[in-house]
**Student:** 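Got a structure for you, written out below as structure tokens; questions coming shortly.
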2 protein chains.
Amino acid sequence: MESTRERPVTMADVARAAGVSRTTVSFVLNDRSGVNIPGTTRERILHAAEGLGYRRNAAAQALASQRSGLFGLVTEIVTSPFAADVIKGAQWRSWEDNRFLLIAPSENEQMMEAAAIEKLLEQRIEGLIIAASWHQAIEVPENAHQVPCVLVHCFDESGRLPSVVPDEESGGRAAAQELLAYGHREVAHITLPPGIPAQVGRLRGFGAELSAADVALPDQRIVAGDGTAESGYHGAAELLDGPNPPTAIFCGNDRMAMGAYDAIKERGLRIPHEISVVGFDDQQALADSLRPGLTTVALPFEEMGAAGVRKLTAMTTGSRDTSSHLALDCPLHRRSSVGFALR
Amino acid sequence: MESTRERPVTMADVARAAGVSRTTVSFVLNDRSGVNIPGTTRERILHAAEGLGYRRNAAAQALASQRSGLFGLVTEIVTSPFAADVIKGAQWRSWEDNRFLLIAPSENEQMMEAAAIEKLLEQRIEGLIIAASWHQAIEVPENAHQVPCVLVHCFDESGRLPSVVPDEESGGRAAAQELLAYGHREVAHITLPPGIPAQVGRLRGFGAELSAADVALPDQRIVAGDGTAESGYHGAAELLDGPNPPTAIFCGNDRMAMGAYDAIKERGLRIPHEISVVGFDDQQALADSLRPGLTTVALPFEEMGAAGVRKLTAMTTGSRDTSSHLALDCPLHRRSSVGFALR
DNA sequence: CTGTTAGCGCGTTCAA
DNA sequence: TTGAACGCGCTAACAG
């Protein structure tokens, strides 16, 4: 029984079949610039490769050339509802750039994240993207520094690593614009936990756009929340029960908007007829369960993923990209929670 | 300037540092069974590797061992809203199985799909998953047969390739159960294009569950749709304007449910008070824009992705898995479009 | 412009 | 148990 092991055809086979050396084959198959190979030879090689069913071996190429053509992405894939969008954007962009994207789950346990990166490093990735589930300063694992690294939806304190984050201020402005367009002048805001980028940016953008339209946002109209539905409920209650209730509330995130809905309905007010609400994050599962549908500002996850890869490609191809901190606009997603102001 | 090129440390370096041969290092690092190595030597090697910061080179290992540890997944990542869920399930499962998942976009152009697979093959994937955007029989590209291959959300006519599909019938049954639970006995169905698995299964399951409860589903109550909102509109109109309008409509998909909503509202009927609607597919973006929220049957994308990988792992590790055609349950997602029957 | 030669880092057989 | 030697498939100097 002579087992003719179906051995995969190699460059040597192609060279033999075409009557040339492996080098020539390599040159032709990678059509290297700066080498002029007779059209006939070229044809012959291509034809032989085709005929034999030759297929490049990426591992061999990676080993020999010291370049894997791989990018890595660590993200909270299982627990974060947003991770899929970042992956989608990054994945597509990588493919366009003729690279594969390796994904590794971090689930934000610091240990696991380092381990995940380690796995990626074993694959000799040429670049790494670390994506966080919320806009924050992160502690970058030591081993991440062994390859070009881009931070997505987060940044490091030192600011040494390039990052791609949402422009929270633009989101705040978008919310304000929408409310202003509907004639609201008595507006309020329920904030996120103080100090985090999302809290600072969203409020700042909101306030700036309002004041540009000569609409005041006094301190009594800014109540502190902590991001939970619970705090949204209390925040809205405080605003509505106060001496001068607003006609519209911009909530620092969708969860708080959910809480606000409860407080509003509890008081017999109708959304959007008597009061308008704008959220932030565009959480599908959440906006989905709210009645009426929540008009909210979305985070540009897909774009951030793509931008991260683009930046990585730029870095690995040597083009020194100076604009290393990118902030992407947060667009408004209209649903049904904003109506015309009564006052 | 003696540039001490920071050459990555190899097994040879570890061997030298530990005073043993590369073979021994290889044995220890891969803790090969059937080899007894003195605890001391073992310790010494591990220590040396740690100290030198040794990191395995996946490409070299793949090349030498002829096993890449990679699985491939082709899917319509950019155009299909469901692809992300399949990816999520498959990705997570692969990681658990200690493998990386390579994703390639197909966008259902037959040419592009083959090209995508070709790229994956160059990476020497050990298994391939082909995922479709709707449950259908597909033409499997020739090159897909060069590695173990599992079909997700689709199947090949010949039935030779293992597949993981949604159990459409279970979804039809779930819809019926929900309506029955709310006391509906006058129910109708708007079908998908005739013949496709989703149409056949959903209707069959729906009908079976009804008849098990002694509820009739006469032919006049089954109107043909084609999957578009337009056809849903007309189907619902036909049902509502007929001699004996139903109290509940099960639509073959969400898009048709959207159309049905219009016909219903146009006739001054309220959902779910006067008529109930159940959809199929659980399309976020769609169910999100409907008022009231659409109760609908979901396709188990994440589970299908995971099951596909699991099957692949089983195949590549040789365990002959006979149950090669897997059908996963479709669970109901309750929102607000089902209410108690008035009649 | 083409062929020769030497690695890339690791798995694995075969002796010792 | 350990070490020497070869091969995996390809890239890249360096000659010719």
Side-chain angles (χ1 to χ4, degrees), chain A residues 5-46 48-49 52-70 121-126, chain B residues 5-46 48-49 52-70 119 121-126 146:
Chain A
R5 279 295 282 164
E6 194 176 332
R7 186 179 51 77
V9 12
T10 77
M11 269 195 179
D13 298 325
V14 175
R16 204 171 306 122
V20 296
S21 81
R22 294 208 313 270
T23 312
T24 313
V25 175
S26 176
F27 281 173
V28 171
L29 262 34
N30 300 340
D31 53 32
R32 260 173 83 119
S33 56
V35 209
N36 245 340
I37 288 168
T40 359
T41 315
R42 181 182 202 72
E43 279 304 319
R44 196 147 34 91
I45 292 175
L46 255 23
L52 294 177
Y54 169 77
R55 181 148 42 216
R56 166 188 0 222
N57 182 322
Q61 181 168 347
L63 181 58
S65 68
Q66 307 279 52
R67 313 184 323 101
S68 65
L70 264 30
L121 255 19
E122 288 184 356
Q123 301 289 328
R124 296 297 188 268
I125 52 170
E126 295 175 36
Chain B
R5 279 295 282 164
E6 194 177 330
R7 187 178 51 77
V9 12
T10 76
M11 270 196 178
D13 298 325
V14 176
R16 204 171 306 123
V20 296
S21 81
R22 294 205 313 275
T23 312
T24 313
V25 175
S26 177
F27 282 173
V28 170
L29 260 34
N30 301 340
D31 52 31
R32 254 172 88 115
S33 56
V35 209
N36 245 341
I37 289 169
T40 357
T41 315
R42 181 182 203 72
E43 280 303 321
R44 195 146 35 89
I45 292 175
L46 255 23
L52 294 177
Y54 168 77
R55 181 150 41 216
R56 166 191 350 223
N57 182 322
Q61 180 167 333
L63 183 58
S65 68
Q66 307 278 51
R67 310 185 325 98
S68 65
L70 263 30
K119 287 270 197 189
L121 256 17
E122 287 184 358
Q123 300 288 329
R124 296 298 186 269
I125 52 171
E126 295 174 35
Q146 311 208 358

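All heavy atoms count here, side chains included; hydrogens, waters and symmetry mates do not. Please read these numbers as outputs of a predicted model, since none were measured by experiment. Chain naming here is simple, since letters A, B, ... match the order of the sequence lines and numbering starts at 1 in each.
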**Student:** B/R124 has an atom CZ; how far is it from atom C1' of D/dG9, in whole Å?
**Tutor:**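 The answer, rounded to whole Å, is 9 Å.
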
**Student:** For D/dT2 and B/T41 - does any side-chain N or O of the residue sit under 4.0 Å from the phosphate oxygens OP1/OP2?
**Tutor:**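 Answer yes for this pair, as a side-chain N or O of B/T41 is under 4.0 Å from OP1 or OP2.
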
**Student:** Do you know the tightest heavy-atom contact between B/S68 and B/E126?
**Tutor:**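 For B/S68 versus B/E126, the nearest heavy atoms are N-OE2, 3.0 Å.
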
**Student:** For B/Q61, is there any backbone N or O sitting under 3.5 Å from a side-chain donor or acceptor partner on B/S65?
**Tutor:**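 Here the side-chain-to-backbone pair exists.
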
**Student:** 5'-most contact on DNA chain C: B/A60 or B/F27, nearest heavy atom basis?
**Tutor:**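 Its nearest nucleotide being more 5', the pick is B/A60.
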
**Student:** Please tell me if B/S21 has a side-chain N or O lying less than 4.0 Å from either OP1 or OP2 of D/dG3.
**Tutor:**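 B/S21 to D/dG3 OP1/OP2: side-chain N or O found under 4.0 Å.
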
**Student:** What integer distance in Å separates B/L63:CG from C/dC8:C1'?
**Tutor:**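 Spelled out: CG on B/L63 to C1' on C/dC8 is 9 Å.
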
**Student:** Roughly how many Å is it from CZ in A/R67 to P in C/dC8, rounded to a whole number?
**Tutor:**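 So the two atoms are 18 Å apart, to the nearest Å.
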
**Student:** Classify the nucleic acid contact of A/T10 as base, sugar-phosphate or nothing, counting any heavy atom under 4.0 Å across all strands shown.
**Tutor:**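 Sugar-phosphate, no base atom in range.
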
**Student:** Taking side chain as C-beta onward, heavy atoms only, is B/L29 less than 4.5 Å from B/R56?
**Tutor:**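 B/L29 vs B/R56: side chains apart.
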
**Student:** How many whole angstroms separate atom CG of A/L29 from atom P of D/dT11?
**Tutor:**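 So the CG-P distance, A/L29 to D/dT11, works out to 8 Å.
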
**Student:** Can you find a side-chain donor-acceptor pair between B/T24 and B/S21 that sits under 3.5 Å?
**Tutor:**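 Result is yes, a qualifying pair exists.
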
**Student:** Under 4.0 Å between a side-chain N or O of A/T24 and OP1 or OP2 of C/dC1?
**Tutor:**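 False: A/T24 side-chain N/O out of range (4.0 Å or more) of C/dC1 OP1/OP2.
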
**Student:** Establish, with yes or no, whether the OP1 or OP2 oxygen of D/dT11 is under 4.0 angstrom from a side-chain nitrogen or oxygen of A/Q61.
**Tutor:**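 For A/Q61, the contact criterion (side-chain N or O under 4.0 Å from OP1 or OP2 of D/dT11) is met.
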
**Student:** Let me know the distance between CG of B/D31 and C1' of C/dG11, rounded to the nearest Å.
**Tutor:**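 Taking CG of B/D31 and C1' of C/dG11, I get 15 Å after rounding.
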
**Student:** Would you tell me if any nitrogen or oxygen in the side chain of B/N57 comes within less than 4.0 Å of OP1 or OP2 on C/dC8?
**Tutor:**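 Result: no.
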
**Student:** Starting at atom CD of A/E122, determine the distance to atom C1' of C/dG9, rounded to an integer number of angstrom.
**Tutor:**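 Spelled out: CD on A/E122 to C1' on C/dG9 is 13 Å.
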
**Student:** Rounding to a whole Å, what distance do you find between A/R16:CZ and D/dC10:P?
**Tutor:**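 Roughly 12 Å, once rounded to whole Å.
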
**Student:** What is the distance, rounded to the nearest whole Å, between atom CG of A/N30 and atom C1' of D/dT11?
**Tutor:**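 Checked: the CG to C1' distance equals 9 Å.
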
**Student:** Do the side chain of A/T23 and the base of C/dT4 come within less than 3.5 angstrom through a donor-acceptor pair of N or O atoms?
**Tutor:**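 Check passes, donor-acceptor contact within cut-off.
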
**Student:** Checking side-chain contact (heavy atoms from CB on, under 4.5 Å) between A/V25 and each of A/T41, A/N30, A/L46, A/V14, which is the one that passes?
**Tutor:**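 One option only clears the test, and that one is A/V14.
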
